[in-house]
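Heads up: the structure comes next, in structure tokens.
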Amino acid sequence: MVEFIDSPSPLRRKPAEATSESKTEPPSQTLSLKQSISIPGYTIISKLGEGATAVVWLARQDSLDRQVAVKVLKQQHCADADEVADFINEAKAVAKLKSRNVVQIYDIGKHEGTIFFAMEYVDGQTLHRALQSGTPLDQKRALAIATAVAHALDDAWTSGKVFHRDIKPDNIMLDKDGSIRITDLGLAGIIDAKGNSSIREGEIAGTPNYMSPEQASGKGNLDFHTDMYS
């Protein structure tokens, strides 16, 4: 049984493995992380956000003189094969997609123990933060967001047989220019040319409050329908 919780943090449980609570790093550790980051070709500017396994930084891509978002896997997770695989899977899954409603990947690499990828910088906020502002979305805006997310998920499935597995307000970005994009495909599933899924039977991953029943039960034969439910 999966317990439904209020926290937006994603849950990941392997077959026959209990979940454990994630901890937020103290500010001092976050500061030292910024000081220790050295990625050739990128100049770190400021912190954009932080999740259980990665930190996202605003940076300048020196070669093209443009702002990008650099997602860096936290050092304590770099030795975890599953976490590294999820991180790389996200970059590869997004790189395969051609959709104006999916945040685009520019680069992926590893430098002196730092595993990272650079992606399109969206100058805006998450839908989660917008909803917390206390101002209800008007009908036109709500429908525009729903339509954009539906287009993104359709593009992901039709172009690469990719399904997100973690659609929620935190992973929907609202740009100041009015455009909407989905992000964070770290838990994405992929159906290969032979019809085999990358999701193992018994593996539970996602955010409980937004999971479809089949995803929460650990079924391995998931597809785009689980995103439709979310």
Side-chain angles (χ1 to χ4, degrees), residues 1-17 19 51-53 82-83 85-105 119 122 126-128 130-131 137 139-174 179-230:
M1 177 178 178
V2 177
E3 180 181 358
F4 281 65
I5 56 177
D6 293 328
S7 171
S9 300
L11 163 78
R12 182 178 184 86
R13 185 173 67 191
K14 302 173 187 176
E17 183 181 73
T19 60
T53 61
D82 287 333
E83 296 291 0
D86 283 345
F87 193 77
I88 295 175
N89 177 65
E90 176 180 0
K92 289 183 176 180
V94 176
K96 293 172 60 177
L97 308 180
K98 299 298 180 184
S99 175
R100 62 188 178 89
N101 294 119
V102 177
V103 172
Q104 297 299 296
I105 295 291
M119 57 187 171
V122 179
T126 65
L127 176 58
H128 175 73
L131 293 173
L137 292 174
Q139 185 184 58
K140 184 177 180 180
R141 183 58 170 163
L143 289 173
I145 293 171
T147 300
V149 172
H151 280 308
L153 297 175
D154 180 62
D155 289 339
W157 180 255
T158 57
S159 67
K161 290 294 184 289
V162 174
F163 51 100
H164 194 287
R165 278 208 304 169
D166 201 21
I167 289 296
K168 58 184 178 182
D170 275 290
N171 290 335
I172 299 171
M173 295 295 301
L174 310 180
S179 59
I180 298 111
R181 295 177 180 84
I182 64 170
T183 187
D184 199 350
L185 276 81
L187 299 181
I190 302 173
I191 306 296
D192 65 22
K194 297 181 179 180
N196 299 316
S197 174
S198 61
I199 308 304
R200 294 178 297 168
E201 188 75 23
E203 178 182 320
I204 300 175
T207 303
N209 286 355
Y210 298 92
M211 284 186 193
S212 65
E214 63 269 26
Q215 186 175 339
S217 65
K219 291 186 177 180
N221 59 339
L222 299 176
D223 59 18
F224 66 92
H225 289 95
T226 194
D227 288 342
M228 291 175 64
Y229 180 95
S230 299

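This one's a predicted model, so the numbers in the text were calculated from it and none came from an experiment.
Residues passing the side-chain contact (heavy atoms from CB on, under 4.5 Å) test with Ala130, sequence neighbours excluded: Gln125, Leu174. Applying the side-chain contact (heavy atoms from CB on, under 4.5 Å) rule to Lys92 yields the partners Ile88; only residues at least two apart in sequence or on another chain are considered. In this structure Asn101 satisfies the side chain to side chain donor-acceptor pair (under 3.5 Å) test with no other residue, sequence neighbours excluded. Every residue two or more places apart in sequence or in another chain was checked for a ring-ring contact (aromatic ring centres under 6.0 Å, His included) with Phe163, and none qualifies. Listed by chain and number, the residues in a side chain to side chain donor-acceptor pair (under 3.5 Å) with Gln104 amount to none (sequence neighbours excluded). By the side-chain contact (heavy atoms from CB on, under 4.5 Å) test, Ala188 is found to be paired with Asn89, Ala93, Val162, Leu185, residues two or more places apart in sequence or in another chain being considered.
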> Would Ile204 and Met211 satisfy side-chain contact (heavy atoms from CB on, under 4.5 Å), going step by step from the backbone distance to the final call?
Replying inline: CA-CA 10 Å; Ile204 300 175; Met211 284 186 193; 3.9 Å; yes
>> Test side-chain contact (heavy atoms from CB on, under 4.5 Å) on Met173 and Ile180; report intermediate values, then the result.
In response: CA-CA 6 Å; Met173 295 295 301; Ile180 298 111; over 6 Å; no
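Here the CZ-CG distance, from Phe87 to Asp82, works out to 15.0 Å after rounding to the nearest 0.5 Å. For the atom pair CG of Leu153 and OG of Ser99, the computed distance is 9.0 Å after rounding to the nearest 0.5 Å. Rounded to the nearest 0.5 angstrom, Asp184 CG and Ile172 CD1 are separated by 12.0 Å.
A side-chain hydrogen bond (donor to acceptor under 3.5 Å, both in side chains) check over residues 218-230, counting only residues at least two apart or in different chains, returns the pairs Ser212-Thr226, Gln215-Thr226, Asp223-His225. Every pair tested for side-chain hydrogen bond (donor to acceptor under 3.5 Å, both in side chains) that includes a residue from residues 141-154 fails, sequence neighbours excluded, so the list is empty.
Side-chain contact annotation: Arg181 with Thr183, donor-acceptor N/O pair under 3.5 Å absent.
The heavy-atom pair separating Ala152 from Val102 by the smallest distance is CB-CG2, 3.9 Å. Minimum heavy-atom separation, Ile145 to Leu137: CD1-CD1, 4.0 Å.
When each of Ile182, Asp166, Thr207 is checked for a side chain to side chain contact (heavy atoms under 4.5 Å, CB included) with Asn171, only Asp166 meets the rule.
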